Amino acid sequence: MGTFNTISAILMLTVSLTEIIFIMLDSPEKKLIRDIRANMFLGFLYFITGMSVKVIAFSVFSLFYHYAIFKPEMSWWLWIVGFLCCDFMHYFYHWLGHKTRIFWAPHVTHHSSLYFNMSTGYRNNFFHALYRFLFWAPLCLLGIPPVVVMVIESLTAIQNFIVHTEKIGKLGFLDWIFNTPSNHRVHHGINPEYIDKNMGGVLMIYDHLFRTYAREVDPPKYGITHNINSESPYKIITHEYAHLLQELPKIKGVFNKVRYLLSPPD
């Protein structure tokens, strides 16, 4: 897995640098250049944290799998079931990141850019990597081998990265089935009709099932509803946490504080 992740990282870096070169040839504004620089730094932090946590993640997955009652033989259908389960967990985790303040706090990092290019794929909060894998652990308890979960999640991460581009237009019927650049542009849009839409990982199946799918019609406007207007990596990572720490003391009672953290963000 270590070699696979290293090769994947090199390929992703190569693709993103190629797009960045084309962006630079268009003489971009200085704000965009600072934004790309911040994204690359955040991506480096996330990669280092993620690689460090993978050993812990695999250990937790193995522990859950040890207690699984049902352990099917490795087969092609097990990979398909594992893929569908992982894709659902991605949708659910992503949904929590949009519908609860406590999970929006780290996820907002990814949405806070006013631009949309492959460097935006690097723009993740490293706090995610410290606990994200725990949501996938129950899949191992259901009998999906840890290696299946880890491989599928690595492949999903690659796919989720390459959809961050405006260089690829709509792809017809593929947009209805897969998480394509068009679908992900919608996801990053703050147009009222685009907010909290297209949260699928690889497939759009769960967005169709839970009615969170939206086609790209009008050009998306990127960012968040309360833009931070900063390219500081520190502020990009912490600004929503700072807001929560400011608001929580104003709320009386533990129950009300928990309800606030689990309520939708503004």
Side-chain angles (χ1 to χ4, degrees), residues 9 12-13 15-16 19-20 31-32 34-50 53 87 89-133 135 153-154 156-166 179-191 194-202 207 212 214 220-244 264-266:
M12 291 163 63
L13 185 62
V15 171
S16 60
E19 188 191 52
I20 290 172
K31 184 177 176 64
L32 172 56
R34 293 195 300 268
D35 187 80
I36 292 174
R37 188 167 56 205
N39 294 345
M40 301 297 281
F41 178 75
L42 292 172
F44 174 75
L45 280 182
Y46 190 86
F47 177 76
I48 295 300
T49 307
V53 172
D87 212 45
M89 193 53 65
H90 180 102
Y91 177 89
F92 176 66
Y93 181 75
H94 203 171
W95 182 88
L96 285 176
H98 281 259
K99 295 297 186 178
T100 64
R101 296 176 191 273
I102 191 169
F103 288 109
W104 174 245
H107 187 54
V108 68
T109 294
H110 184 62
H111 282 267
S112 59
S113 176
L114 300 178
Y115 305 96
F116 189 81
N117 53 66
M118 284 197 180
S119 78
T120 313
Y122 292 119
R123 192 185 181 101
N124 289 299
N125 196 318
F126 72 93
F127 287 136
H128 266 305
L130 299 176
Y131 60 84
R132 183 181 184 274
F133 66 90
F135 286 82
E153 276 306 286
S154 294
T156 299
I158 296 173
Q159 192 276 343
N160 284 183
F161 173 80
I162 61 177
V163 296
H164 292 87
T165 180
E166 292 185 304
N179 181 16
T180 60
S182 176
N183 284 331
H184 207 59
R185 287 193 291 270
V186 167
H187 178 69
H188 275 257
I190 58 172
N191 313 44
Y194 291 164
I195 292 178
D196 297 339
K197 299 296 184 181
N198 299 354
M199 291 184 278
V202 175
D207 285 287
T212 54
K221 179 181 179 182
Y222 305 116
I224 52 180
T225 54
H226 304 287
N227 287 311
I228 58 175
N229 298 313
S230 174
E231 290 83 41
S232 162
Y234 176 78
K235 187 169 184 179
I236 293 171
I237 290 173
T238 63
H239 76 274
E240 190 65 20
Y241 285 112
H243 175 70
L244 290 181
D266 298 328

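The structure presented is a predicted model; accordingly, all values stated were derived computationally and were not measured.
The minimum heavy-atom distance between T49 and A129, with the atom names listed, is CG2-CB, 3.9 Å. I236 and A38 get closest at one heavy-atom pair: CD1-CB, 4.0 Å. Minimum interatomic distance between W104 and P265 (heavy atoms only, all atoms of both residues): CD1-CB, 3.4 Å.
Looking only at side-chain heavy atoms (C-beta outward), N117 and E166 stay at 4.5 Å or farther from each other. Using a 4.5 Å cut-off on side-chain heavy atoms (C-beta onward), Y131 and P106 make contact. Side-chain contact between I228 and V108 is absent, with no heavy atoms from C-beta onward closer than 4.5 Å. Side chains of D266 and R101 form a contact here, defined as non-hydrogen atoms less than 4.5 Å apart. By the 4.5 Å heavy-atom criterion applied to side chains, F126 and F47 are not counted as neighbours.
Between H107 and H111, the ring planes are perpendicular. Angles over 60° get that label, and only those under 30° would be called parallel. H94 and H187 have perpendicular rings, their planes meeting at more than 60° on a 0 to 90° scale where under 30° would count as parallel. Ring geometry, F127 versus Y241: the interplanar angle exceeds 60°, so the pair is classed perpendicular (tilted spans 30 to 60°).
By the side-chain hydrogen bond (donor to acceptor under 3.5 Å, both in side chains) test, K31 pairs with E231, sequence neighbours left out. Annotation: ring pair (Phe, Tyr, Trp, His ring centres under 6.0 Å) contacts of F116 (sequence neighbours excluded): H164, H188, Y222. Residues satisfying the side-chain contact (heavy atoms from CB on, under 4.5 Å) test with V202, not counting sequence neighbours, are F83, D87, T156, Q159, F178. Remark: Y46 pairs with no residue by the side-chain hydrogen bond (donor to acceptor under 3.5 Å, both in side chains) rule, at least two apart or across chains. Contacts of Y91 classified as ring pair (Phe, Tyr, Trp, His ring centres under 6.0 Å), with partners at least two apart in sequence or in another chain: F210. For D196, the side-chain hydrogen bond (donor to acceptor under 3.5 Å, both in side chains) partners at least two apart in sequence or on another chain are H98, K99.
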Ring pair (Phe, Tyr, Trp, His ring centres under 6.0 Å), that's the test. Do F41 and Y122 meet it? Break it down for me. CA-CA 8 Å; F41 178 75; Y122 292 119; over 10 Å; no

May I have the step-by-step check of side chain to side chain contact (heavy atoms under 4.5 Å, CB included) for H239 and I224, ending in yes or no? CA-CA 12 Å; H239 76 274; I224 52 180; 4.1 Å; yes

Does the side chain to side chain contact (heavy atoms under 4.5 Å, CB included) test come out yes or no for I237 and L42, once each step is laid out? CA-CA 8 Å; I237 290 173; L42 292 172; 3.4 Å; yes

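T109 contributes no side-chain N or O that, together with a main-chain N or O of N124, makes up a donor-acceptor pair within less than 3.5 Å. R185 contributes a side-chain N or O that, together with a main-chain N or O of T165, makes up a donor-acceptor pair within less than 3.5 Å. At least one donor-acceptor pair closer than 3.5 Å links the side chain of N198 to the backbone N or O of A214. No donor-acceptor distance shorter than 3.5 angstrom exists from the side chain of N125 to the backbone of H110, with no hydrogens or angles considered.
We find the CG-OG distance between N39 and S112 to be 8.0 Å, quoted to the nearest 0.5 Å. Note that the CG atom of N179 and the CE atom of M199 stand 12.0 Å from one another [nearest 0.5 Å]. Atom CG of D35 sits about 6.5 Å away from atom OG1 of T120, to the nearest 0.5 Å. For the atom pair OG1 of T180 and CD1 of I162, the computed distance is 10.5 Å after rounding to the nearest 0.5 Å. For the atom pair K235 NZ and S230 OG, the distance stands at 5.0 Å (nearest 0.5 Å). Within the model, atoms CZ of R123 and CD1 of I36 stand 11.0 Å from one another, a figure rounded to the nearest 0.5 Å.
Of the candidates F133, F103, Y93, H128 forms a ring pair (Phe, Tyr, Trp, His ring centres under 6.0 Å) with just one, namely Y93.
Counting heavy-atom neighbours within 6.0 Å of F135 CZ, excluding the residue itself, gives a total above 12.
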